[in-house]
Asker: 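First the structure, which I've put down as structure tokens, then a few questions once you've had a look.
Counting from 1, the numbers follow the sequence of the chain as shown.
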Amino acid sequence: MEIPHSDALVFFGATGDLIYKKIFPNLYAMERRGHLHVPVIGVARSDWTIEQFRARARESIERHGDMDEAVFAKFQERLQYISGDYGAPATHAALRKKLGSAAHPLHYLAIPPSVFASVVEGLGKSGCAEGARVMVEKPFGRDLPSARALSATLHTVFEESDVFRIDHYLAKESVQNLLVFRFANTFLEPIWNHDYVESVQITMAEKFGVEGRGGFYEESGAIRDVVQNHLLQIVGFLAMESPTTTNDVSIRDEQVKVFQNMRPLSPKDMVRGQYRGYRQEAGVNRDSQVETFAAARLRIESPRWDGVPFFIRAGKGLPVTLTEVLVKLKPPALTKICPGQANYVHFRLSPDVTMAIGAHVKRPGEQLIGDPTELKVVNHPHGDEMEAYERLLSDAIIGDGTLFASQESVEAAWAVVQPVLGMATPVHEYGPGTWGPCEALTLTEGICSWHDPV
């Protein structure tokens with residue numbers, strides 16, 4: 001059955017930071033490429049005129065790049081605005097009128113989850129949800145029970161197939177490269193299992209601190225902010241079995257199986273840290289126990305990965321800003337030929353995209369000894385790449401859910417981290433510019449050591 005394309009875009013929370021910083025520039029990019037063909041309706045509590053809304057769009061686009069007046073003229077004509085309370089019947093009645101003949105609108109909820117219920121109810125009662133889709137931003141709950149409650153709220157009006165949960169990290173070109181590298185290269189599959197892989201490490205490092213978002217971070221912490229979603233999604237791409245097809249259902253099903261095969265984390269598998277000075281940040285409690293660093297040891301109980309530890313860590317105030325994966329292979333049989341460094345496969349996902357294989361070549365001279373070398377491909381981002389939100393908006397319009405999180409995957413990921421949320425483990429202080437608390441070294445002890453990127 002052919003999936004209908006959305007014929008209108010509706011943004012609740014249209015005067016907020018997310019729309020200003022991300023959505024306006026990416027909608028404009030879609031207009032510039034000729035990919036935007038539908039009306040764009042903003043809904044917010046602010047008592048604005050359409051002129052103010054369009055001025056806000058202009059300011060956003062000018063701040064984020066070059067402005068083409070001809071392109072913007074076309075774009076602003078698509079913009080419409082509704083002022084009103086999100087739960088008021090009059091607001092939804094006005095939206096239904098603005099939608100006109102649109103039969104498949106896409107509703108984007110850039111609002112706090114606490115408001116979802118009234119908005120979803122209003123969309124259902126007004127007829128605005130008929131034939132529609134809905135997009136929601138992470139976090140998808142704060143834990144497993146709240147994630148289930150959030151999905152139940154959405155399902156009062158929308159079918160699961162019409163719910164598009166955004167984790168913008170999945171839409172990054174570099175992350176999608178993992179899928180292509182995994183399944184488009186024949187040489188990789190024979191060694192991508194516990195017979196040849198010794199360990200897997202994933203590091204998501206940020207050199208900066210919370211940067212004025214202390215209040216937000218007090219409510220989330222590193223586990224909720226990036227471990228439960230971004231890092232586990234990367235693990236899913238690395239560890240999943242080959243999907244039967246490249247459609248969204250097949251890919252997401254294989255990723256869910258990875259999460260379901262993960263042993264839930266216990267306190268001995270997790271180390272939390274907090275950079276020195278965090279408690280002096282604006283909006284942070286002076287006795288805060290919230291983590292700005294989290295490291296964990298994951299076990300995937302599947303035939304492919306049985307016995308292979310996956311080490312993940314993420315943190316703020318670290319030496320560099322980057323995300324990378326290191327898959328360390330087991331030593332070869334003739335260790336005398338290549339002592340020391342083992343073979344490995346290395347991915348750097350940001351700031352540039354690097355794929356490398358660590359190998360050995362013969363050392364010059366009479367002895368049969370290998371020296372380590374690296375075969376590397378670097379793909380520097382070019383100016384015309386689609387940004388994550390542009391790709392996500394384009395995919396949601398056509399109904400492609402590949403890069404969105406399903407209810408099943410969200411709940412399975414929460415089930416992995418649920419036992420270590422809150423104060424299940426102590427928080428250890430670490431100095432800014434270091435690789436986190438020394439206690440994280442115990443996670444890899446006896447297996448390998450953390451690879452500290454340069």
Asker: So, does R299 use its side chain to make a donor-acceptor pair with the main chain of R263 at under 3.5 Å?
Answerer: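 No; judged by distance alone, with no hydrogens or angles, the pair does not exist.
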Asker: Do other residues, nucleotides or ligands put more than 12 heavy atoms under 6.0 Å from the OH atom of Y196?
Answerer: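 Check fails, neighbour count at 12 or below.
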Asker: Please determine whether a side-chain nitrogen of the Lys or Arg among D225 and K138 lies less than 4.0 Å from a carboxylate oxygen of the Asp or Glu.
Answerer: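 Yes, charged N to carboxylate O under 4.0 Å.
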Asker: Of all the heavy-atom pairs spanning V197 and V308, show the shortest one and how long it is.
Answerer: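 Taking every non-hydrogen atom into account, O-CG2, 3.6 Å.
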Asker: With heavy-atom distances below 4.5 Å as the criterion, would you say the side chains of L238 and V258 are in contact?
Answerer: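 Of all side-chain heavy-atom pairs linking V258 with L238, none is under 4.5 Å.
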Asker: Would you say the side-chain atoms of Q274 pair up with the backbone N or O of V290, donor to acceptor, closer than 3.5 Å?
Answerer: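 Checked: pair present.
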Asker: With a distance cut-off below 6.0 Å to the six-membered ring centre and an angular limit of 45° from the axis, does R56 pair with Y20 as a cation-pi contact?
Answerer: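 Ring-cation test returns yes.
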Asker: Can you list the steps and then say if Q407 with V163 is a side chain to side chain contact (heavy atoms under 4.5 Å, CB included)?
Answerer: CA-CA 9 Å; Q407 176 189 3; V163 178; over 6 Å; no
Asker: When you measure from the side chain of N261 to the backbone of I300, do you find a donor-acceptor pair of N or O atoms at a distance under 3.5 Å?
Answerer: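 No; zero donor-acceptor contacts below 3.5 Å.
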Asker: Could you pull out the closest heavy-atom pair between L392 and M135, with the gap in Å?
Answerer: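 Scanning both residues, the minimum pair turns out to be O-CE, 4.3 Å.
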Asker: Backbone N or O of H194 within a donor-acceptor pair of the K330 side chain at under 3.5 Å?
Answerer: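 Yes, the answer is positive, given that a donor and an acceptor are paired below the 3.5 Å cut-off.
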Asker: Flag the pair D400 and R391 as a salt bridge only when some basic side-chain nitrogen lies within less than 4.0 angstrom of an acidic carboxylate oxygen.
Answerer: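 Here D400 does not pair with R391 in a salt bridge, since their nearest N and O are not under 4.0 Å apart.
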Asker: Looking at every non-hydrogen atom in both residues, tell me the closest pair between Y344 and L326 and how far apart they are.
Answerer: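 Closest heavy-atom pair between Y344 and L326: CD1-CD1, 3.7 Å.
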Asker: Okay, side chain of D306, backbone of E301: is any donor-acceptor separation there less than 3.5 Å?
Answerer: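 No, because the side chain of D306 does not come within donor-acceptor range (under 3.5 Å) of the backbone of E301.
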Asker: If we only count heavy atoms from C-beta on, is the R165 to S151 side-chain gap below 4.5 Å?
Answerer: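 The answer is yes, as the side chains (C-beta and beyond) meet within the 4.5 Å cut-off.
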Asker: Do the side-chain N and O atoms of E281 and Y275 include a donor-acceptor pair separated by under 3.5 angstrom?
Answerer: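 There is such a pair between these side chains.
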Asker: With a sphere of 6.0 Å drawn around CD of Q280, does it hold more than 12 non-hydrogen atoms of other residues, nucleotides or ligands?
Answerer: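 Correct, the count exceeds 12.
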Asker: Supply the atom-to-atom distance R313 CZ to H451 NE2, rounded to the nearest 0.5 angstrom.
Answerer: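 Answer for the CZ-NE2 pair, R313 versus H451, is 8.5 Å.
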Asker: Would you find a donor on one side and an acceptor on the other, under 3.5 Å apart, between the side chain of H428 and the backbone of C438?
Answerer: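 Not at all, since once roles are kept as given, no pair shorter than 3.5 Å links the two residues.
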Asker: Below 4.5 Å, heavy atoms only, C-beta onward: do F404 and D395 meet side chain to side chain?
Answerer: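 In short, these two side chains touch, coming nearer than 4.5 Å.
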Asker: Going through the checks in order, is the side chain to side chain contact (heavy atoms under 4.5 Å, CB included) test met by W192 and W305?
Answerer: CA-CA 9 Å; W192 211 249; W305 296 111; 3.5 Å; yes
Asker: Can D269 and S266 be counted as having a side-chain donor-acceptor contact under 3.5 angstrom?
Answerer: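 On atom types as modelled, these side chains qualify, holding a pair under 3.5 Å.
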Asker: Using a 3.5 Å distance criterion without hydrogens, assess whether the side chain of R279 forms a donor-acceptor pair with backbone atoms of S288.
Answerer: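 Checked: pair present.
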Asker: Side-chain contact test, heavy atoms from C-beta onward, threshold under 4.5 Å: evaluate it for L123 versus V10 and give yes or no.
Answerer: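 Heavy-atom side-chain distance check fails, nothing below 4.5 Å.
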Asker: Take D162 and V134 through the test side chain to side chain contact (heavy atoms under 4.5 Å, CB included) and record every step on the way to the result.
Answerer: CA-CA 6 Å; D162 295 322; V134 64; 5.9 Å; no
Asker: So which heavy atom on A57 is nearest to which on F75, and how close?
Answerer: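 Scanning both residues, the minimum pair turns out to be CB-CE2, 4.3 Å.
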Asker: A side-chain contact here means heavy atoms from C-beta on lying under 4.5 Å apart; do K316 and K207 qualify?
Answerer: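 Result no, sub-4.5 Å side-chain heavy-atom pair not found.
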Asker: Quick check against the 3.5 Å criterion: does W450 have a side-chain atom that pairs as donor or acceptor with the backbone of A440?
Answerer: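 Checked: pair present.
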Asker: From I166 CD1 over to L403 CG, what is the distance, rounded to the nearest 0.5 angstrom?
Answerer: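 It is 11.0 Å, given to the nearest 0.5 Å.
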Asker: Is there a donor-acceptor contact under 3.5 Å linking the side chains of Q289 and R272?
Answerer: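 Note: Q289 and R272 side chains miss the donor-acceptor criterion.
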Asker: So, for I398 and H5, which heavy atoms are closest and what is the spacing to 0.1 Å?
Answerer: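 Smallest interatomic distance, heavy atoms only, reads CG2-CE1, 3.5 Å.
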Asker: Would you call the rings of Y278 and Y217 parallel, tilted or perpendicular if under 30° counts as parallel and over 60° as perpendicular?
Answerer: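 Y278 and Y217: perpendicular rings.
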Asker: Does any non-hydrogen side-chain atom of L318 lie less than 4.5 Å from one of F293?
Answerer: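 Result yes, sub-4.5 Å side-chain heavy-atom pair found.
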Asker: Indicate whether the side chain of T156 and that of E121 have a donor and an acceptor atom separated by less than 3.5 Å.
Answerer: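 Judged by distance alone, the side chains do not pair up.
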Asker: Locate the shortest heavy-atom distance separating G273 from P437; write the atom from each residue and the value.
Answerer: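 For G273 and P437, the tightest heavy-atom pair comes out as CA-CG, 4.0 Å.
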Asker: Determine, step by step, whether E241 and R304 satisfy the side chain to side chain contact (heavy atoms under 4.5 Å, CB included) criterion, reporting the C-alpha distance in whole Å, the side-chain angles of both residues, the deciding distance to 0.1 Å, and the verdict.
Answerer: CA-CA 9 Å; E241 298 297 325; R304 180 185 290 270; 2.8 Å; yes
Asker: Between CG of L27 and NE2 of H35, what distance do you get to the nearest 0.5 Å?
Answerer: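 Nearest 0.5 Å value for the CG-NE2 distance: 13.5 Å.
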Asker: Hey, does the side chain of R252 reach the backbone of S250 with a donor-acceptor pair shorter than 3.5 angstrom?
Answerer: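 No, the answer is negative, given that no donor and acceptor are paired below the 3.5 Å cut-off.
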Asker: Give a yes-or-no answer on whether the side chains of S60 and Y28 include a donor-acceptor pair shorter than 3.5 Å.
Answerer: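 S60 vs Y28: no donor-acceptor pair found between side chains.
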Asker: Distance from Q255 atom CD to M240 atom CE, nearest 0.5 Å?
Answerer: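 It comes to 6.0 Å.
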Asker: Within the structure provided, determine whether F259 and Q233 are in side-chain contact (heavy-atom separation under 4.5 Å).
Answerer: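 Sidechains of Q233 and F259: in contact.
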Asker: Can you tell me if Y86 uses its side chain to pair, donor with acceptor, with the backbone of G13 under 3.5 Å?
Answerer: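 Such a contact is found between Y86 side chain and G13 backbone.
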Asker: Does the side chain of V119 reach to within under 4.5 Å of the side chain of V43, using non-hydrogen atoms?
Answerer: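 Answer no - side chains too far apart.
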Asker: Between CD of E411 and CG of L144, what distance do you get to the nearest 0.5 Å?
Answerer: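 It comes to 6.0 Å.
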Asker: Using a strict threshold of under 4.0 Å (side-chain N to carboxylate O), is an ion pair present between E291 and R224?
Answerer: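 A salt bridge is absent here (no side-chain N lies under 4.0 Å from a carboxylate O).
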Asker: Check this for me: does any side-chain nitrogen of one of R213 and E219 sit under 4.0 Å from a carboxylate oxygen of the other?
Answerer: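 A salt bridge is absent here (no side-chain N lies under 4.0 Å from a carboxylate O).
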Asker: Evaluate the side chain to side chain donor-acceptor pair (under 3.5 Å) criterion for residues S146 and D143: first the C-alpha distance (whole Å), next the side-chain angles of each, then the deciding distance (0.1 Å), finally the verdict.
Answerer: CA-CA 6 Å; S146 61; D143 50 25; 2.7 Å; yes
Asker: Nearest 0.5 angstrom please: T425 OG1 to I223 CD1, how far?
Answerer: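 Those atoms lie 6.0 Å apart.
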